[in-house]
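Remarks on the structure that follows.
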Amino acid sequence: MTAKLTPKENLLADAIAYFAAYGIGDASLRSIATGLGTSHRMLIYHFGSREGLLAEVVRTVEAQQRASLAMLADDGLPMAERSMRLWHSVAEAALSYGHLFFELSAHAMQGRPYTAGLKGDLIDVWLPPLTDLCVRGGIDPAEAPAYARLSLAATRGLLFDLLLTGDRAGVDDAIALLHRLFLESLHSG
């Protein structure tokens with residue numbers, strides 16, 4: 001039996017679907033509320049502000065990506081194929097939410113109050129599952145945290161590249177090269 005969603009969870013799910021379909025742009029809280037079929041007061045009640053709603057959307061999409069990573073970690077595929085599947089999932093999500101992600105990441109770097117919860121979710125929560133994936137792929141456990149951090153940073157950089165240039169083939173080639181370099185380092189060590 002599936003648990004019933006709270007009104008806040010329903011609004012968040014609707015907001016994620018809305019932003020995927022229409023983007024974020026400069027939409028006001030009122031126009032977002034209209035698009036979601038609710039009032040701006042209800043969004044303020046649940047999320048505090050437009051920025052609070054957007055931060056919660058990013059946190060949720062990031063959590064969904066980590067869930068995809070967890071499923072891939074247990075699928076029995078070779079590391080290279082597992083990594084490429086994760087890349088394709090993350091790249092597709094970035095095409096819908098990437099602009100919001102990078103905008104709110106900048107806000108988190110500036111210490112804006114509504115991003116306090118988001119700040120820890122941008123790096124710290126990604127490192128343990130990525131480190132585990134690296135260890136499962138054969139990377140020395142002592143070096144796996146550095147590989148995980150490099151992988152996260154390179155992936156985010158390539159997502160930034162994708163959003164700025166639209167060059168999907170170029171960023172796909174670059175991530176494939178990164179994966180090959182990781183694999184070669186395993187065989188040379």
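The CG atom of Leu133 sits 8.0 Å away from atom CZ of Arg136, with the distance rounded to the nearest 0.5 Å. Here the CG-CZ distance, from Asp121 to Arg66, works out to 5.5 Å after rounding to the nearest 0.5 Å. In this structure, CG on Leu86 lies 8.0 Å from OG on Ser151, to the nearest 0.5 angstrom. Distance CG/Leu12 to CG/Leu43: 10.5 Å, rounded to 0.5 Å. Atoms OG1 and CD1, from Thr155 and Ile175 in turn, are 4.0 Å apart once rounded to the nearest 0.5 Å. Going from atom CG of Leu104 over to atom NZ of Lys119 covers 13.5 Å, rounded to the nearest 0.5 Å.
A pairwise comparison of heavy atoms in Thr115 and Ala108 identifies OG1-CA, 3.2 Å as the closest pair. Val57 and Ala15 get closest at one heavy-atom pair: CG2-CB, 4.1 Å. Residues Leu118 and Val58 approach most closely at CD1-CG1, 3.7 Å, considering heavy atoms. Across all their heavy atoms, Gln65 and Ala93 have their closest contact at NE2-CB, 3.4 Å. Among all heavy-atom pairs drawn from Ser39 and Ala33, the shortest one is C-CB, 3.4 Å. Minimum interatomic distance between Val125 and Pro129 (heavy atoms only, all atoms of both residues): O-CD, 3.2 Å.
Leu158 and Leu181 fall into different hydrophobic clusters, where Ile, Leu, Val, Met, Phe, Trp and Tyr residues are linked whenever their side-chain heavy atoms come under 4.5 Å apart, directly or through other members. In this structure, Tyr22 is a member of the same hydrophobic cluster as Leu36, with clusters built from ILVMFWY side-chain heavy atoms closer than 4.5 Å. In terms of hydrophobic clustering, with Ile, Leu, Val, Met, Phe, Trp and Tyr side chains grouped at heavy-atom distances under 4.5 Å, Leu95 and Val61 are assigned to a common cluster. Under the 4.5 Å side-chain heavy-atom criterion for ILVMFWY residues, no single connected hydrophobic cluster contains both Leu177 and Leu183.
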**Request:** For the pair Arg149 and Ile123, evaluate side-chain contact (heavy atoms from CB on, under 4.5 Å) and give the outcome as yes or no after the intermediate values.
**Result:** CA-CA 8 Å; Arg149 190 173 293 272; Ile123 306 291; 3.9 Å; yes
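Counting only residues at least two apart or on different chains, no ring pair (Phe, Tyr, Trp, His ring centres under 6.0 Å) pair has a member in residues 25-52. Sorted by first and then second residue, the salt bridge (charged side-chain N to carboxylate O under 4.0 Å, His left out) pairs involving residues 87-112 (not counting sequence neighbours) are Glu92-Arg168. Sorted by first and then second residue, the pairs that involve residues 129-183 and meet ring pair (Phe, Tyr, Trp, His ring centres under 6.0 Å), not counting sequence neighbours, are Phe102-Phe160, Tyr147-Phe182.
A donor-acceptor contact shorter than 3.5 Å links the side chain of Glu9 to the backbone of Thr6. Under a 3.5 Å cut-off, the side chain of Ser28 and the backbone N or O of Ser31 do form a donor-acceptor pair.
For the side chain to side chain contact (heavy atoms under 4.5 Å, CB included) with Leu162, the lone residue among Val171, Asp167, Val90, Asp172 that qualifies is Val171.
Glu62 and Trp126 share a side-chain donor-acceptor pair at under 3.5 Å.
Not counting sequence neighbours, Arg50 has no partner by the salt bridge (charged side-chain N to carboxylate O under 4.0 Å, His left out) test.
Clustering of Ile, Leu, Val, Met, Phe, Trp and Tyr by side-chain heavy atoms under 4.5 Å joins Val135 with none of the others. The hydrophobic cluster around Leu5 extends to none of the other residues, as no ILVMFWY side-chain heavy atom falls under 4.5 Å of it.
Between Phe101 and Tyr97, the ring center distance fails the sub-6.0 Å criterion.
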